[in-house]
2 protein chains.
Amino acid sequence: MDKQVVGILGGGQLGRMFIEAANRMNVTVRVLDPTSQSPAKQLSSFAKHIDEPFTSSTAIQELATGCDVLTVEIEHVNCDELEKIEQQGLALVRPSSSTIRMIQDKFLQKEYLARHDLPLPEYTRCDTLDEAKRAGKAFGFPFVLKSRLGAYDGRGNYVVKSEADVETGFKLLGGKMQYAEKFVPFVKELAVMVVRRPGGEVATYPVVETIQRDNICELVYAPAQIDGQVRKVAMKVATDAVSCLPDGSVGIFGVEMFLHEDGHTVLVNEIAPRPHNSGHYTIEACNTSQYENHLRAVLDMPLGDTNLKVPAAAMINVLGGTDGYSSVLEPCLASLEVPGATVHLYGKTEAKAGRKMGHITVVADCFLQLRRRVDLIAGRLANASDEERDRLQYRSSAVPSTDGSVSDVEKKDVSEMAPLVGIIMGSDSDLPTMRPAAQILEQFGVPFELTIVSAHRTPDRMFEYARSAHKRGLKAIIAGAGGAAHLPGMVAALTPLPVIGVPVKGRCLDGVDSLHSIVQMPRGVPVATVAINNSDNAALLAVRIIGASCPSYLQAMEQYMDDMRTGVEKKIERLSIAGWKDY
Amino acid sequence: MDKQVVGILGGGQLGRMFIEAANRMNVTVRVLDPTSQSPAKQLSSFAKHIDEPFTSSTAIQELATGCDVLTVEIEHVNCDELEKIEQQGLALVRPSSSTIRMIQDKFLQKEYLARHDLPLPEYTRCDTLDEAKRAGKAFGFPFVLKSRLGAYDGRGNYVVKSEADVETGFKLLGGKMQYAEKFVPFVKELAVMVVRRPGGEVATYPVVETIQRDNICELVYAPAQIDGQVRKVAMKVATDAVSCLPDGSVGIFGVEMFLHEDGHTVLVNEIAPRPHNSGHYTIEACNTSQYENHLRAVLDMPLGDTNLKVPAAAMINVLGGTDGYSSVLEPCLASLEVPGATVHLYGKTEAKAGRKMGHITVVADCFLQLRRRVDLIAGRLANASDEERDRLQYRSSAVPSTDGSVSDVEKKDVSEMAPLVGIIMGSDSDLPTMRPAAQILEQFGVPFELTIVSAHRTPDRMFEYARSAHKRGLKAIIAGAGGAAHLPGMVAALTPLPVIGVPVKGRCLDGVDSLHSIVQMPRGVPVATVAINNSDNAALLAVRIIGASCPSYLQAMEQYMDDMRTGVEKKIERLSIAGWKDY
């Protein structure tokens with residue numbers, strides 16, 4: 001596709017998946033890596049790879065000589081040498097040496113982001129033990145000591161639990177070049193990939209949720225199951241963080257963030273100037289993968305669309321265990337039987353404990369189905385103890401239900417998923433009428449939110465609620481109202497989503513007033529009206545609406561209808577046995 | 001993932017994409033191909049490839065010696081040698097030599113399928129010119145003469161137009177080993193990939209529609225835009241065709257079929273015992289690609305899920321043109337700017353005219369969006385004349401609308417798409433009331449069907465219609481009814497889809513009878529009821545329902561609501577200028 005040759009420093013799994021993308025577009029990539037049969041080199045037969053450390057000056061010079069662009073799959077590279085390449089004009093370096101240098105040093109990175117007003121946890125420089133002690137006093141305990149250089153996958157971090165613990169930590173991290181960070185009480189870790197083209201144009205991927213174990217990313221869920229407004233904030237923070245980087249910051253960047261326990265504050269943790277573990281899911285789940293977009297960026301081609309092409313995706317890291325390769329193969333073999341699962345093995349021969357050997361991507365038609373599929377794989381993870389398995393958030397039950405019904409454990413978990421349906425009512429006096437809707441949705445495993453929105457008493461709130469509903473990820477709104485019953489129709493006038501109206505029976509007119517107020521909408525704005533006081537049917541309609549495009553819920557509805565039939569059949573039998581007199 | 005080594009005969013693009021899948025699972029594939037840097041070999045650095053013709057006996061022996069399983073990417077291989085390998089037990093051959101041999105000879109293939117009662121066009125053996133002439137008399141003109149051996153991409157086929165033409169055709173095809181086929185008046189060409197594991201378990205991919213130019217597949221649409229019942233028939237025919245093959249028929253098979261102009265008869269054209277051009281789309285669009293499933297099958301691993309993971313996908317072949325490589329690059333470069341498009345270039349250096357150089361896959365959230373995206377790429381195909389472009393079926397307009405509105409040309413084309421909404425009514429007397437629903441759906445580019453279904457006069461038809469609706473691909477049903485108005489509720493009791501009820505005003509009671517009959521459904525079975533006689537709103541609700549899961553239609557609804565606002569604003573202005581007396 002392009003005559004330019006790309007050179008990459010590092011030939012591990014990130015380079016391997018980068019080459020997979022380059023192969024598709026017929027772009028030649030040369031790899032510099034000390035291992036002769038490194039994961040990346042295995043996928044590219046005829047490019048002139050170099051078997052030298054990616055820190056070697058002469059090797060970098062040699063690589064640059066045959067390439068138009070150099071890029072990296074790891075940030076711990078020889079920036080001095082890359083800078084020389086830039087100065088000599090031997091090859092373009094993307095991202096530039098100065099960007100990599102600044103990101104390499106996590107303290108400089110913090111300083112840069114702080115200067116550009118990015119939201120960060122409080123931090124301070126610690127060159128000496130005294131400074132570290134002062135940090136402890138200022139931030140309180142626990143706080144985090146971090147190495148400025150060479151840190152990744154949690155290596156180079158130390159959580160200081162008490163004043164007595166400061167010295168241990170400071171020495172453990174090498175006794176110099178550190179900084180301290182105030183502990184962030186976070187509820188979730190979020191990550192966003194952002195790709196940037198020469199000239200500064202950026203494209204931002206969806207917000208994902210990363211679940212870590214022992215500081216290694218274990219599980220990624222896309223999209224993150226958080227409120228749509230918070231997703232928007234996180235996308236903006238990540239976009240700003242990459243946009244503020246100096247000129248020459250070209251390629252893909254992974255932005256790791258904390259979601260504070262206040263539920264809405266998003267803080268930047270750190271940036272990686274390369275493809276990122278939290279972006280593996282993009283290969284199967286997005287229109288253009290992080291790897292292809294990195295390639296497009298460094299070659300200055302138009303950026304590809306970053307949107308999800310499936311409703312939900314997850315990524316499970318496959319790590320080496322203490323029993324060698326069998327702990328790697330077990331989840332992979334399990335995943336062969338799980339629909340929507342794709343195995344990626346990196347071609348590493350030695351399965352050291354904790355080493356990233358591969359990953360499994362799972363896609364699904366909804367988050368509930370995704371969770372069940374992840375459970376099927378994660379439930380079989382060889383090395384996981386029961387406790388460790390519990391750490392796999394969203395885990396519902398050891399044996400996920402196969403009949404489509406939602407288990408009690410799952411019902412609880414549905415409340416942790418981003419809502420698909422909003423149930424609103426004008427007053428808490430409507431709650432007894434609307435509660436069955438909530439029960440039905442819970443029964444079907446449809447995540448929902450329930451709140452009071454009054455057309456007449458909180459018109460501003462109604463506007464805000466209805467206007468933002470589809471942006472927050474809702475797919476349908478159920479609105480209950482009595483009497484003049486304006487809520488459903490007004491909400492329908494403000495949202496492009498289907499609105500289901502439940503006429504609530506008042507003290508007079510038997511609910512016919514509400515029914516007519518809700519159903520007799522003018523041409524242009526429909527409300528899907530159900531029977532008076534029948535919020536069950538409103539919820540069942542919402543399930544049918546979601547099920548129209550989501551086989552999981554469609555099947556659940558078929559099952560529900562079948563159960564209704566069986567229920568009546570039992571009554572028929574009872575009636576026939578008891579007779580009509582004694583029934 | 002697996003210690004077994006796979007050897008493949010042929011190292012072109014099919015082998016290349018097979019190796020891409022194998023690399024992901026860390027399975028070693030050795031390639032036998034005369035070209036040393038053939039497309040497949042480029043992607044696998046350290047396997048011991050062989051640079052010999054894939055017909056060479058010694059080379060096949062050499063390949064088998066180092067492999068556990070042999071497979072093919074082309075059926076024109078040396079079956080005698082493969083049979084020897086099987087007899088010697090040197091390696092497993094999948095699919096087996098006897099399967100390949102039978103499929104190689106298209107006449108034997110036909111005979112085999114006929115013996116197993118597969119639906120086929122009429123055919124007869126022609127070893128001599130006399131037999132060919134007799135075939136012409138029996139079948140009428142035009143009929144098709146076909147070479148039994150070595151045919152692919154239309155080579156080896158000759159359409160005989162008249163009696164005088166028989167001899168020309170017979171000689172052109174080599175004067176021997178032919179058969180004649182009665183011309184099938186088909187409306188579409190369909191294809192289905194089927195993968196088969198040792199033991200006979202099969203998994204079947206969706207039905208796609210292939211559009212040929214000069215006998216080369218140019219464009220593939222998935223799923224085929226045909227009635228759901230016909231899709232079911234085509235899947236069954238393809239599944240039967242692969243299931244009836246002899247034991248040892250292991251791997252992926254492409255089944256090409258004709259859809260007869262009667263609209264429901266499906267005839268098998270031919271089977272390819274390998275990954276197939278019409279299955280390229282599965283890489284981006286299905287849960288497991290044809291390549292990975294071929295690998296799983298030949299290694300006797302569990303088969304992967306064959307379902308689409310996106311609503312719609314297309315594949316555009318990129319062929320070499322008379323101007324060399326620029327005709328290859330032009331559509332590829334165009335596709336970089338099209339969301340959902342992925343370029344595959346096969347690493348072939350020489351772009352001979354008509355040579356398959358690569359392909360572009362496009363995915364989309366609905367068929368309308370897919371068509372627009374395909375247009376954006378195909379509209380720029382370098383070598384296409386206007387006439388040739390018109391051959392790209394489903395092509396709407398040279399410049400597809402970007403504002404979300406549906407052009408007049410597109411409205412026509414929507415009628416060629418598989419319906420998403422069914423509009424039904426109890427009697428043709430309801431048509432004036434229901435017509436606005438059809439107009440709204442047309443305006444939004446939502447494919448629909450409209451027919452009469454009466455609960456009271458055609459109860460069987462109602463059952464059949466409602467029960468099959470979701471299986472045929474509908475996402476919502478709009479039912480209009482007056483008076484006792486049972487249709488919407490009865491349909492809702494028979495389908496898991498959302499049913500929208502339009503109360504039709506009768507001669508008395510002002511439509512309140514219909515309204516109450518439709519809206520007051522019992523708990524368990526909802527009908528989304530709209531205002532009396534307001535079928536516009538029923539259609540708008542259907543658009544909202546589809547839009548809840550499909551951004552294209554959601555945006556169109558937002559646009560529609562904005563247009564309503566603008567419409568009123570114009571009236572406000574006119575009223576303010578004219579004053580209330582003269583307005």
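Proteins come first, then strands; the chains are lettered A, B, ... in the order of their sequence lines, and each starts at number 1.
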Contact origin within A:Pro522 toward chain B - heavy atom pairs under 4.5 Å: backbone
Heavy-atom proximity to chain B below 4.5 Å, by part of A:Thr306: neither
Best-contacting candidate, A:Pro39, A:Gly358, A:Gly501, A:Ser44, against chain B by heavy atom pairs under 4.5 angstrom: A:Ser44
Engaged part of B:Val27 at the chain A interface, taking heavy atoms whose separation is under 4.5 Å: neither
B:Asn287 and A:Val363, any side-chain heavy atoms less than 4.5 Å apart: yes
Structural part of A:Val527 lying under 4.5 Å from a heavy atom of chain B: backbone
Spatial distance of atom CG (B:Asp365) from atom CG (A:Leu308) [nearest 0.5 Å]: 12.5 Å
Test item: A:Asn537 side-chain N/O and B:Gly524 main-chain N/O as donor-acceptor pair under 3.5 Å: yes
Choice from A:Ile545, A:Val512, A:Asn307, A:Val310 maximising heavy atom contacts with chain B below 4.5 Å: A:Ile545
side-chain contact (heavy atoms from CB on, under 4.5 Å) between B:Arg544 and A:Thr495, worked out: CA-CA 10 Å; B:Arg544 287 183 184 222; A:Thr495 179; 4.2 Å; yes
Chain A contact via B:Ala493 - side chain, backbone, both or neither, heavy atoms under 4.5 Å: backbone
Atom group of A:Met564 that falls short of 4.5 Å from chain B, counting heavy atoms: side chain
Region of A:Ala47 that comes under 4.5 Å of a non-hydrogen atom in chain B: neither
Proximal component of B:His470, with respect to chain A [non-hydrogen, under 4.5 Å]: side chain
Heavy-atom proximity to chain A below 4.5 Å, by part of B:Ile500: neither
Residue part contacting chain B, namely of A:Tyr553, when any heavy atom lies under 4.5 Å: neither
Donor-acceptor under 3.5 Å (A:Ser45 side chain, B:Lys41 main chain): yes
Heavy-atom pairs under 4.5 Å with chain A, option from B:Glu292, B:Lys309, B:Met557 with the top count: B:Lys309
When B:Gly304, B:Ala531, B:Ser549 are compared by non-hydrogen pairs under 4.5 Å with chain A, the top option: B:Ala531
Among the listed options B:Asp536, B:Leu474, B:Thr288, B:Asp305, the residue most often paired with chain A at heavy-atom distances under 4.5 Å: B:Asp536
Among A:Ala542, A:Ala492, A:Cys550, residue most engaged with chain B (heavy-atom pairs, under 4.5 Å): A:Ala492
Option that, when pairs with chain B are counted at under 4.5 Å, heavy atom only, ranks first among A:Val499, A:Thr342, A:Val525, A:Ile518: A:Val525
A:Ile283 portion near chain B, given a 4.5 angstrom heavy-atom threshold: side chain
Lys/Arg-Asp/Glu bridge criterion (N-O < 4.0 Å) met for B:Arg24, A:Glu20: yes
Among the listed options A:Val543, A:Ile19, A:Leu515, the residue most often paired with chain B at heavy-atom distances under 4.5 Å: A:Leu515
Check against side-chain contact (heavy atoms from CB on, under 4.5 Å), B:Gln520 and A:Ile532: CA-CA 7 Å; B:Gln520 285 298 105; A:Ile532 295 164; 3.7 Å; yes
A:Asn534 and B:Arg523: CA distance, side-chain angles, deciding distance, side-chain contact (heavy atoms from CB on, under 4.5 Å) verdict: CA-CA 7 Å; A:Asn534 197 334; B:Arg523 274 171 224 287; 3.5 Å; yes
Check against side-chain contact (heavy atoms from CB on, under 4.5 Å), A:Leu43 and B:Asn23: CA-CA 7 Å; A:Leu43 265 57; B:Asn23 280 338; 3.5 Å; yes
Per-residue contact mode, A:Leu494 against chain B (heavy atom under 4.5 angstrom): backbone
Options A:Leu554, A:Leu420, A:Leu329, ranked by heavy-atom pairs under 4.5 Å with chain B, top entry: A:Leu554
A:Thr28 portion near chain B, given a 4.5 angstrom heavy-atom threshold: neither
Contacting moiety of B:Met25, where chain A heavy atoms sit under 4.5 Å: both
Contact class of A:Ala539 relative to chain B, heavy atoms under 4.5 angstrom: neither
Engaged part of A:His516 at the chain B interface, taking heavy atoms whose separation is under 4.5 Å: side chain
Heavy-atom pair of closest approach, residues A:Ala341 and B:Arg296: O-NH2, 4.1 Å
Residue pair A:Leu541 / B:Pro498: nearest heavy atoms and the distance that separates them: CD1-CB, 4.1 Å
Under 4.5 Å from any heavy atom of chain A - which part of B:Glu284: both
Separation of B:Asn26 CG from A:Thr349 OG1 (nearest 0.5 Å): 9.0 Å
